[in-house]
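Take a look at the structure set out below.
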Amino acid sequence: MFNLNLGNLTPEQFLTEYWQKKPHIFRQGFKNFEDPISPDELAGLASDEMVESRLVWQKDDQWNAAFGPFESYDHLGEKDWSLIVQAVDYWAPEAAAMIEPFRFIPNWRLDDLMVSFASEGGSVGPHIDHYDVFICQGSGKRHWRVGDRGDLKEYAAHEALLHVEPFEAIIDEILQPGDILYIPPGFPHEGIGLEPSMSFSVGFRTNSATDMMSGLADFMIDKELGKQLIEDPDRDISVTPGVINDRDLARITQHLQTVIGNKKIMTHFAGCYFTTAKHELDIEIPEPLFKTNDTINAISDQPLSRLGGLRCSYFEESVEDGIFYINGEQYNLSASLSAAIKLLCNQQQIELSDISDWTDNDEFMNFITRMINEGYWYF
Ligand code: SIN
Ligand code: CO
């Protein structure tokens, strides 16, 4: 279990003073920190073609990058390279546990846990990210520089590496094991290994209107929504046929706003969109499949865990009708089960005592059993 220590700040104070506003180092944010996975285990993950990994190295002042899977690192030598593995929380429950202390930020904002190994001098170079990240220093030390937000030029140092021009540091510090550096979107930064080192980045997604509009359009096509045509039975004559006049522009905007302003559509869309996993899930279907009685017996012995990377959310209003979202799908149970649904979405692990009110409820126990049989929850 990881306990987050924000120094003299409460999570509320952190959100008010720093979140999305300015970078900050929490010295010993994780006290007595030990790497939840070793560099060798990270290399093992990077050898799996299902896992997204990258190598970045510098040779003769040139930046290079390659995408995994990787079998060997011998050709890279002792210095100036770094291995980055995305979505480690999907594959390694011990590492996924590092996300739990950050759940004061809701599920829908979470992206993934990225883990990197850097040799001495290893770095991905100076860059800007478009997400919030808590970079937790594991074993070894890294030198971090963070600059202020500003109008900095970005350029491709390699076709797979977007770097930023030199920046003045507002943070220039060495992170030791257990230290945490929080960086909001838009702040240029660079971390360089001072010795072989591990770093664990809990990242939070940010979405542009373009991303969401594109997701909304896909959703509407998929659900066959929004087919009503724009209408103009009240048209006046036009003496300047080239013009799209203000009244028509308002009509076009209004037609689109009937979609965006439709709470039912937006709830359904946002529920599906923000619970869709970004990477392949590590799904294992139990064999033999569980029957409802098996679930009751098993949960009496051990907690039921949610699959790493599986996203579950509900909305304050529609959960009272039993509606919720798991991995891009809408589910609907009886309204009387809304407290059980909230539990499923809010907790990463469920114990018998958590669900004692519903162990006799066939609908709920059948649902959990179905989720176990889909590989979404496991013992
Ligand atoms: C790293 O861990 O090597 C890079 C993390 C980052 O700068 O976002
Ligand atoms: Co970064």
Side-chain angles (χ1 to χ4, degrees), residues 1-42 45 82-107 109-118 122-124 129 131-146 171-184 187 189-205 303 305-306 308-309 346-349:
M1 192 163 133
F2 294 91
N3 287 314
L4 182 62
N5 158 38
L6 298 178
N8 53 7
L9 292 181
T10 62
E12 290 85 348
Q13 285 167 329
F14 165 74
L15 291 177
T16 311
E17 285 177 39
Y18 294 100
W19 176 249
Q20 294 250 301
K21 298 168 198 78
K22 53 185 180 194
H24 188 68
I25 292 180
F26 296 95
R27 291 287 175 198
Q28 292 306 288
F30 286 129
K31 288 191 173 130
N32 307 315
F33 185 82
E34 281 179 29
D35 295 340
I37 65 166
S38 66
D40 277 351
E41 287 166 328
L42 190 68
L45 280 176
S82 160
L83 168 69
I84 302 104
V85 182
Q86 273 328 124
V88 170
D89 51 319
Y90 286 48
W91 306 94
E94 320 75 45
M98 285 186 68
I99 293 176
E100 293 316 300
F102 298 98
R103 295 272 180 201
F104 61 89
I105 301 156
N107 298 349
R109 283 287 269 113
L110 181 69
D111 194 353
D112 68 356
L113 176 74
M114 184 190 91
V115 183
S116 78
F117 169 82
S123 169
V124 298
D129 292 319
Y131 46 80
D132 305 86
V133 64
F134 294 90
I135 300 175
C136 312
Q137 183 61 43
S139 56
K141 292 184 208 147
R142 273 190 213 182
H143 176 194
W144 281 94
R145 291 179 69 253
V146 184
I171 287 181
D172 188 340
E173 301 274 347
I174 291 168
L175 289 201
Q176 310 264 359
D179 291 343
I180 300 177
L181 168 60
Y182 164 70
I183 310 179
F187 286 81
H189 57 278
E190 177 177 37
I192 302 177
L194 296 177
E195 56 192 14
S197 64
M198 293 284 277
S199 150
F200 299 82
S201 298
V202 180
F204 290 84
R205 64 195 274 173
S305 300
R306 190 197 291 166
N346 289 331
Q347 288 189 201
Q348 200 61 23
Q349 281 206 335

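Note that the structure is predicted; figures quoted are calculated from it, not measured.
Counting heavy atoms from C-beta outward, Lys21 and Pro184 have side chains that stay 4.5 Å or more apart. In this structure the side chain of Phe30 reaches within 4.5 angstrom of the side chain of Met98, judged on heavy atoms. His189 places a side-chain heavy atom less than 4.5 Å from the side chain of Asp129. Residues His143 and Leu175 have side chains not in contact (no heavy-atom distance under 4.5 Å, counting atoms from C-beta outward). Between Leu6 and Ile180 there is no side-chain heavy-atom pair separated by less than 4.5 Å. Side-chain contact between Asp132 and Gln20: present, with at least one pair of heavy atoms (C-beta onward) separated by less than 4.5 Å. Residues Leu110 and Val202 have side chains in contact (heavy-atom distance under 4.5 Å, counting atoms from C-beta outward). Taking the side chain as every heavy atom from C-beta outward, Ile174 and Trp144 never approach each other to under 4.5 Å.
A donor-acceptor contact shorter than 3.5 Å is absent between the side chain of Asp89 and the backbone of Asp112. Checking side-chain atoms of Thr16 against main-chain N and O of Glu12 turns up a donor-acceptor pair under 3.5 Å. Here the side chain of Arg306 pairs no donor or acceptor atom with the backbone of Gln349 at under 3.5 angstrom. Side chain of Asn5 to backbone of Gln28: a donor-acceptor contact under 3.5 angstrom is found.
Glu195 meets the side-chain hydrogen bond (donor to acceptor under 3.5 Å, both in side chains) test with no other residue; sequence neighbours excluded. His24 pairs by the ring pair (Phe, Tyr, Trp, His ring centres under 6.0 Å) definition with Tyr18, Phe26, not counting sequence neighbours. Looking at residues two or more places apart in sequence or on another chain, you find a side chain to side chain contact (heavy atoms under 4.5 Å, CB included) between Ile105 and Leu15, Trp19, Arg109, Phe134, Phe204. By the side-chain hydrogen bond (donor to acceptor under 3.5 Å, both in side chains) test, Arg145 is found to be paired with no residue, residues two or more places apart in sequence or in another chain being considered. Taking Gln176 as the reference, nothing meets the side-chain hydrogen bond (donor to acceptor under 3.5 Å, both in side chains) condition, with sequence neighbours excluded.
Taking CG of Leu45 as the reference point, atom CD of Gln86 lies at 12.0 Å (rounded to 0.5 Å). From Met198, atom CE reaches atom CZ of Phe117 across 8.0 Å, with rounding to the nearest 0.5 Å. Within the model, atoms CD of Glu190 and OG of Ser123 stand 4.5 Å from one another, a figure rounded to the nearest 0.5 Å. For the atom pair CD1 (Ile171) and CG (Leu181), the distance works out to 5.5 Å, reported to the nearest 0.5 Å.
Ser199 pairs in a side chain to side chain contact (heavy atoms under 4.5 Å, CB included) with only one of the listed residues (Ser116, Ser139, Ser82), which is Ser116. When each of Lys141, Arg142, Arg27 is tested with Glu173 by the rule salt bridge (charged side-chain N to carboxylate O under 4.0 Å, His left out), just one qualifies, namely Arg27.
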### Task
List the steps, then state whether side chain to side chain contact (heavy atoms under 4.5 Å, CB included) holds for Leu42 with Val88.
CA-CA 9 Å; Leu42 190 68; Val88 170; 4.3 Å; yes

### Message
For a side chain to side chain contact (heavy atoms under 4.5 Å, CB included) check, start with the C-alpha distance between Phe33 and Phe200, then their side-chain angles and the critical distance, and finish with the verdict.
### Response
CA-CA 11 Å; Phe33 185 82; Phe200 299 82; 4.0 Å; yes

### Task
Just do the side chain to side chain contact (heavy atoms under 4.5 Å, CB included) check on Met114 and Val133 with the steps written out, would you?
CA-CA 10 Å; Met114 184 190 91; Val133 64; over 6 Å; no

### Task
Begin with the C-alpha distance, continue with both residues' side-chain angles, and end with the deciding distance and a verdict on side chain to side chain contact (heavy atoms under 4.5 Å, CB included) for Ile135 and Ile183.
CA-CA 8 Å; Ile135 300 175; Ile183 310 179; 3.9 Å; yes

### Residue pair Phe14, Phe102: steps toward the ring-ring contact (aromatic ring centres under 6.0 Å, His included) verdict
CA-CA 11 Å; Phe14 165 74; Phe102 298 98; 8.6 Å; no

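Annotation: side chain to side chain donor-acceptor pair (under 3.5 Å) contacts involving residues 90-102, sequence neighbours excluded, comprise Glu100-Arg103.
When all heavy atoms of Ala96 and Leu113 are compared, the closest pair comes out as N-CD2, 4.4 Å.
Not less than 6.0 angstrom separates the ring centroid of Phe187 from the ring centroid of Tyr182.
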